[in-house]
Engineer: 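Got a structure for you, written out below as structure tokens; questions coming shortly.
Counting begins at 1 with the first residue of the sequence.
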Amino acid sequence: MSAWPVQLRGATPAGELVVLRELRRADKDRYLRMRVANREWLDPWEATSPAPQQHPTSYAEMLRHYRREARAGRMMPFGIEVDSRLAGQLNLFGITYGSLWSATAGYWVIQGVAGRGVTPTALALASDHAMRDLGLHRIEVNIRPENAASLAVVRKLGFREEGVRRRFLHIDGEWADHLSFALTTEDLAGSSMMQRLKQQ
């Protein structure tokens, strides 16, 4: 298992530097501005809760929750930097060992960097770390069928579609169907996600 925090870095196919790193208190203003400015872009895909009182309500509470889960080894909550500027978030969560050795990935980026290879690069970096350094066997991503941008990310990286999960996650205020995608170490056949991305 890997210690937290950890920093991962790599270049998009176009050469932009992407860094995954722990979110910090100093990111608060930038983070909140991004969320407000990109509300229309993000809200249709935003995870919500039928019991919102049980979830963090402030940036500080969110960071405390992330740090607690990361230190317990259940989560890796990354901020996504593009050329030294915070531009999104990627979480590996539900990290499980036992007979499963798996994690689920969720991500978002601001509209201004969409379509530039940032999200596939971030997901490739996180997946390689999870499989190489944490020793996980499987990475899963669940996506609304209408979310064409996110579907393009997993398809670019060669994630295998595993079917529909009915009313699977609470999104934008209601239970929503999702398409489930996964990748295992066997799918990579000794290569890495970053190598796979560079071959696109």
Engineer: Phe159 and Val153: side chain to side chain contact (heavy atoms under 4.5 Å, CB included), yes or no, with the steps?
Structural biologist: CA-CA 9 Å; Phe159 276 75; Val153 170; over 6 Å; no
Engineer: In the single-linkage hydrophobic clustering (I, L, V, M, F, W, Y; side-chain heavy atoms under 4.5 Å), do Leu32 and Leu42 co-cluster?
Structural biologist: yes
Engineer: What closest approach, in Å, do Glu161 and Leu179 show between heavy atoms, and which atom pair accounts for it?
Structural biologist: OE2-CD2, 3.6 Å
Engineer: Should Phe181 and Phe168 be regarded as members of a common hydrophobic cluster, given that ILVMFWY residues are connected when their side-chain heavy atoms come within less than 4.5 Å of each other, either directly or indirectly?
Structural biologist: no
Engineer: Rounded at 0.5 Å granularity, tell me how far OG1 in Thr12 sits from CE in Met194.
Structural biologist: 8.5 Å
Engineer: Would you check if Ser180 and Glu140 make a side-chain contact, meaning some heavy-atom pair closer than 4.5 Å?
Structural biologist: yes
Engineer: Rounded to the nearest 0.5 Å, what separates atom CE in Met62 from atom CZ in Arg67?
Structural biologist: 9.5 Å
Engineer: For residues Ile171 and Ala47, report the shortest heavy-atom separation together with the two atoms involved.
Structural biologist: CD1-CA, 3.7 Å
Engineer: Closer than 4.0 angstrom, basic N to acidic O: yes or no for Asp177 and Arg165?
Structural biologist: no
Engineer: Test: salt bridge (charged side-chain N to carboxylate O under 4.0 Å, His left out). Region: residues 112-131. Which pairs qualify, not counting sequence neighbours?
Structural biologist: Glu16-Arg116
Engineer: For the pair Thr96 (side chain) and Gly94 (backbone), establish whether a donor and an acceptor sit closer than 3.5 Å, ignoring hydrogens and angles.
Structural biologist: yes
Engineer: Have a look at Glu81 and tell me which of Asp27, Val118, Val19 forms a side chain to side chain contact (heavy atoms under 4.5 Å, CB included) with it.
Structural biologist: Val19
Engineer: If you group Ile, Leu, Val, Met, Phe, Trp and Tyr whenever their side-chain heavy atoms sit less than 4.5 Å apart, what else falls in with Leu100?
Structural biologist: none
Engineer: Which pairs of donor and acceptor atoms, one on a side chain in residues 84-92, lie under 3.5 Å apart (sequence neighbours left out)?
Structural biologist:
residue: Gln89; atom: OE1; partner: Tyr31; partner atom: OH; Å: 2.8
residue: Gln89; atom: OE1; partner: Trp108; partner atom: NE1; Å: 3.1
residue: Gln89; atom: NE2; partner: Tyr66; partner atom: OH; Å: 2.8

Engineer: Taking all non-hydrogen atoms of both residues into account, name the closest pair between Met193 and Ser127 and its distance.
Structural biologist: CG-CB, 3.8 Å
Engineer: Are the side chains of Arg9 and Leu125 in touch, meaning some heavy atoms are under 4.5 Å apart?
Structural biologist: no
Engineer: Pair up each side-chain donor or acceptor in residues 73-80 with any protein partner under 3.5 Å, not counting sequence neighbours, and list the distances.
Structural biologist:
residue: Arg74; atom: NE; partner: Glu69; partner atom: OE1; Å: 2.9
residue: Arg74; atom: NE; partner: Glu69; partner atom: OE2; Å: 3.4
residue: Arg74; atom: NH2; partner: Glu69; partner atom: OE2; Å: 2.8

Engineer: Say you draw a straight line from CZ of Arg24 to CG of Leu63; how long is it, rounded to the nearest 0.5 Å?
Structural biologist: 11.0 Å
Engineer: About how many Å separate NE2 of His178 and CD of Glu146, when rounded to the nearest 0.5 Å?
Structural biologist: 9.0 Å
Engineer: When you look at CD of Glu40, are more than 12 heavy atoms from neighbouring residues, nucleotides or ligands closer to it than 6.0 Å?
Structural biologist: no
Engineer: With rounding to the nearest 0.5 angstrom, report the CG to OG1 distance, Leu20 to Thr121.
Structural biologist: 9.5 Å
Engineer: Taking the side chain as every heavy atom from C-beta outward, state whether Arg39 and Glu46 have any pair of such atoms under 4.5 Å apart.
Structural biologist: no
Engineer: Test Glu162 against Arg160 for salt bridge (charged side-chain N to carboxylate O under 4.0 Å, His left out), laying out the working first.
Structural biologist: CA-CA 6 Å; Glu162 296 192 327; Arg160 180 182 57 258; 3.1 Å; yes
Engineer: Linking directly or through intermediates, with side-chain heavy atoms under 4.5 Å: list the remaining ILVMFWY members grouped with Trp175, chain and number order.
Structural biologist: none
Engineer: Of all heavy-atom pairs between Thr48 and Glu174, which one has the smallest distance, and what is that distance?
Structural biologist: OG1-N, 4.4 Å
Engineer: To the closest 0.5 Å, what do you measure between OG1 (Thr185) and NE2 (His137)?
Structural biologist: 4.0 Å
Engineer: Taking all heavy atoms of Ala130 and all of Leu134, pick out the closest pair and write down the distance.
Structural biologist: O-CB, 3.1 Å
Engineer: I need the minimum non-hydrogen distance between Pro44 and Asp172, along with the two atoms involved.
Structural biologist: CA-OD2, 3.9 Å
Engineer: Using the rule that two of Ile, Leu, Val, Met, Phe, Trp, Tyr join whenever any of their side-chain heavy atoms come within less than 4.5 Å, decide whether Trp45 and Ile143 are in one cluster.
Structural biologist: no
Engineer: Side chain to side chain contact (heavy atoms under 4.5 Å, CB included) with Leu157: which of Val141, Leu183, Leu123?
Structural biologist: Leu123
Engineer: For the residue pair Trp4 and Val6, establish whether any side-chain heavy-atom pair is separated by less than 4.5 Å.
Structural biologist: yes
Engineer: Among all residues two or more places apart in sequence or in another chain, which pass the ring pair (Phe, Tyr, Trp, His ring centres under 6.0 Å) test with Tyr107?
Structural biologist: none
Engineer: Can you tell me if Trp41 uses its side chain to pair, donor with acceptor, with the backbone of Val109 under 3.5 Å?
Structural biologist: yes
